[in-house]
Trainee: 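Sharing a structure with you now.
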Protein chains: 2
Amino acid sequence: MTSQQIPQRADWRRNRERLLAAAAEVVARDGASASLEEIARRAGLGSATLHRHFRSREALLTAVFHEGVERLAARGRELNETAGGGLAVWLEELTRYTATTRGLAVSLRPTVDDSGCHGMLADVAAELAATAVRAGRLRPEITVDDLLALANGIAIRAENDPELASRLLRIAISGVEPRT
Amino acid sequence: MTSQQIPQRADWRRNRERLLAAAAEVVARDGASASLEEIARRAGLGSATLHRHFRSREALLTAVFHEGVERLAARGRELNETAGGGLAVWLEELTRYTATTRGLAVSLRPTVDDSGCHGMLADVAAELAATAVRAGRLRPEITVDDLLALANGIAIRAENDPELASRLLRIAISGVEPRT
DNA sequence: CAGCCAAACGGGGTGGCCCCCCGTTTGTGC
DNA sequence: GCACAAACGGGGGGCCACCCCGTTTGGCTG
């Protein structure tokens, strides 16, 4: 998924794990703008090593969030089996999770080559959306990318506030006018 | 609105204008994270002077965007006189404008003391919302703050893409299900 | 088990940024 | 014009990203 070639030497793999563990801590505290130097320090490695392992801040963040994003994707596939395919439920879980996981929301913006976290979710989202359209619960002219962008915008804005994230997403899904 | 006391010496006012002009250029190019040093340099002033005029990045951004935000507020009051009070129209204009004015979306997040740009819009938004509720076009349990947060999240996400901003806002306003 | 060498490491340099201290200049009221 | 508060700005401290290049090390081979 990221720019990892054939893992080579043992120390290389060990250091990668150390870097990811340190990054997880620091990013959880400071968000996407965490200091790369501090991450390297905390891993007991030189900052050059960090840069060799992860060419960019984005590559590092992608690796840090990889597991959580996979879990979200799996959850989406699971929900897609339920009656009506729980698009709305999934979007809310997605938004809450990305809002409360510091730095993740920013990392979910699609990238030029789509090598980041976004690509991993786009597929599940598309399935859920298709099911929802079939069930008459999603207007067909709304694209998956727009749905994801909406959830992403809400998550960025509601960083650290899951209640706000849920509320905003529900408004966006049900609209603003009284139900007729 | 910002931390401006009684404007005192002539050079003080002159320098303030120079700083704001430089800031407008650089922020338009680089967004909210523009380099303060570059702004000072471009204004032909020392960076210490910039810090004396604007205690924080946020204070500077607030001043830079002041005029545009006032215009948005005025536009809101104007729309509030029309039939049904154009809440939806205003929200879309707001979102488009903040999405395309680099750095503004970030500056519109409410601040602790609410001395930033947000306060200037909260009042108009409240009027528009009240009118919309009376016209049966807004569920009363939706708060103004949530509406603004939603528009703000969309604008942050759709930075530099007015079409995306419009589309997302319309989805959020009309909801995701087919109109019954 | 030793020796070799590509792979991997990391100290430290470069250049940038923010923020502020404090000695210097300047505008203004008298 | 003069005195003095008001305002300025050079430059230092501390942090950061990024990268060069001399040094260490893992693991293969015989």
Side-chain angles (χ1 to χ4, degrees), chain A residues 2-64 102-103 106-107 111 116, chain B residues 2-64 102-103 106-107 111-112 115-116:
Chain A
T2 42
S3 51
Q4 297 326 329
Q5 320 83 336
I6 324 94
Q8 319 216 348
R9 278 166 44 165
D11 53 347
W12 192 94
R13 256 167 293 150
R14 180 168 37 81
N15 288 338
R16 181 171 208 271
E17 290 315 311
R18 286 187 186 165
L19 286 167
L20 283 176
E25 287 178 30
V26 179
V27 169
R29 200 193 58 208
D30 297 342
S33 62
S35 157
L36 301 184
E37 302 239 309
E38 180 178 353
I39 291 170
R41 262 194 316 271
R42 189 177 289 228
L45 299 169
S47 70
T49 299
L50 186 150
H51 283 278
R52 228 173 290 112
H53 279 254
F54 305 98
R55 282 174 199 287
S56 65
R57 174 181 299 275
E58 196 217 319
L60 174 60
L61 291 173
T62 301
V64 166
R102 294 217 60 186
V106 170
S107 309
T111 49
Chain B
T2 43
S3 51
Q4 297 325 332
Q5 319 84 338
I6 323 94
Q8 319 217 347
R9 281 167 40 163
D11 53 347
W12 193 94
R13 254 166 294 150
R14 179 168 37 81
N15 288 338
R16 181 171 208 272
E17 290 316 311
R18 286 187 187 166
L19 286 167
L20 283 175
E25 287 178 31
V26 179
V27 169
R29 198 193 60 211
D30 297 342
S33 61
S35 157
L36 301 184
E37 302 239 309
E38 180 179 353
I39 292 170
R41 262 192 318 269
R42 188 177 290 228
L45 299 169
S47 70
T49 298
L50 185 151
H51 283 278
R52 228 174 289 112
H53 279 253
F54 304 99
R55 281 174 199 286
S56 65
R57 174 181 299 276
E58 196 216 318
L60 174 61
L61 291 174
T62 301
V64 166
R102 294 216 61 186
V106 170
S107 309
T111 50
V112 190
S115 69

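In the text below, chain A, chain B and the rest are named by the order of the sequence lines, each starting its count at 1. Just so it is clear, the model here is predicted, and its values are computed rather than measured.
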Trainee: Checking A40(B) now: which residues fulfil side-chain contact (heavy atoms from CB on, under 4.5 Å) with it, not counting sequence neighbours?
Mentor: S47(B), L50(B)

Trainee: To the nearest 0.5 Å, what is the distance between CD (E58(A)) and OG1 (T111(A))?
Mentor: 5.0 Å

Trainee: Go through the structure and list residues passing side chain to side chain donor-acceptor pair (under 3.5 Å) with R29(A), not counting sequence neighbours.
Mentor: E38(A)

Trainee: Considering all heavy atoms of both residues, which atom of R16(B) and which atom of F54(B) are nearest to each other, and what is their separation?
Mentor: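 Where R16(B) meets F54(B) most closely, the heavy atoms are NH2-CE2, 3.8 Å.
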
Trainee: Kindly indicate, with the supporting measurements, whether the criterion side chain to side chain contact (heavy atoms under 4.5 Å, CB included) is fulfilled by L60(B) and I39(B).
Mentor: CA-CA 11 Å; L60(B) 174 61; I39(B) 292 170; 4.0 Å; yes

Trainee: Just checking R57(A): base, sugar-phosphate only, or nothing, at a heavy-atom cut-off of under 4.0 Å?
Mentor: sugar-phosphate

Trainee: Any residue in residues 35-48 of chain A with a heavy atom nearer than 4.0 angstrom to DNA chain C? Just list them by number, or reply none.
Mentor: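 Residues of residues 35-48 of chain A under 4.0 Å from DNA chain C: L45(A), G46(A), S47(A), A48(A).
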
Trainee: Starting from P on dC19(C), measure out to CZ on F54(B) and report it in whole angstrom.
Mentor: 14 Å

Trainee: Kindly indicate whether the side chain of R52(A) and the base of dG10(C) share any N or O donor-acceptor pair separated by less than 3.5 Å?
Mentor: yes

Trainee: Using 0.5 Å steps for rounding, measure from the CG atom of L19(B) to the CD atom of E17(B).
Mentor: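 So the CG of L19(B) and the CD of E17(B) are separated by 9.0 Å.
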
Trainee: What is the distance from CG of N15(A) to P of dT24(D), rounded to the nearest Å?
Mentor: 17 Å

Trainee: What residues, two or more places apart in sequence or in another chain, satisfy side chain to side chain donor-acceptor pair (under 3.5 Å) together with S33(B)?
Mentor: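 So S33(B) forms no side chain to side chain donor-acceptor pair (under 3.5 Å) with any residue.
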
Trainee: With no hydrogens and no angle check, is any side-chain donor or acceptor of R42(B) less than 3.5 Å from a backbone partner on A21(B)?
Mentor: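 Between the backbone of A21(B) and the side chain of R42(B) there is no qualifying donor-acceptor contact (under 3.5 Å).
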
Trainee: What's the NE2-C1' distance between H51(A) and dC19(D), to the nearest Å?
Mentor: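 Taking NE2 of H51(A) and C1' of dC19(D), I get 8 Å after rounding.
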
Trainee: Shortest non-hydrogen contact from A24(B) to V64(B)?
Mentor: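 Here A24(B) and V64(B) meet closest at CA-CG1, 4.2 Å.
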
Trainee: Calculate the interatomic distance between L50(A) atom CG and dG10(C) atom P; express it in whole Å.
Mentor: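 Result: 11 Å.
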
Trainee: Backbone N or O of Q8(B) within a donor-acceptor pair of the R13(B) side chain at under 3.5 Å?
Mentor: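 Yes, the answer is positive, given that a donor and an acceptor are paired below the 3.5 Å cut-off.
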
Trainee: Start at the 5' end of DNA chain C and walk down; is the nucleotide closest to R14(B) or to S33(B) reached first?
Mentor: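 Checking each residue's closest nucleotide, the 5'-ward one belongs to S33(B).
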
Trainee: For DNA chain C, find the residues of residues 17-27 of chain B with a heavy-atom distance under 4.0 Å and give them by number; none if there aren't any.
Mentor: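 Of all residues in residues 17-27 of chain B, none places a heavy atom under 4.0 Å from DNA chain C.
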
Trainee: Check nucleotides 27-30 of chain D for protein N or O atoms closer than 3.5 Å to its own N or O atoms and list the pairs.
Mentor:
unit_1: dG27(D); atom_1: OP1; unit_2: A10(A); atom_2: N; d: 2.9

Trainee: Run the side chain to side chain contact (heavy atoms under 4.5 Å, CB included) test on L36(B) and H51(B) for me, step by step, so that the C-alpha distance in whole Å, both residues' side-chain angles and the decisive distance to 0.1 Å come before the verdict.
Mentor: CA-CA 9 Å; L36(B) 301 184; H51(B) 283 278; 4.1 Å; yes

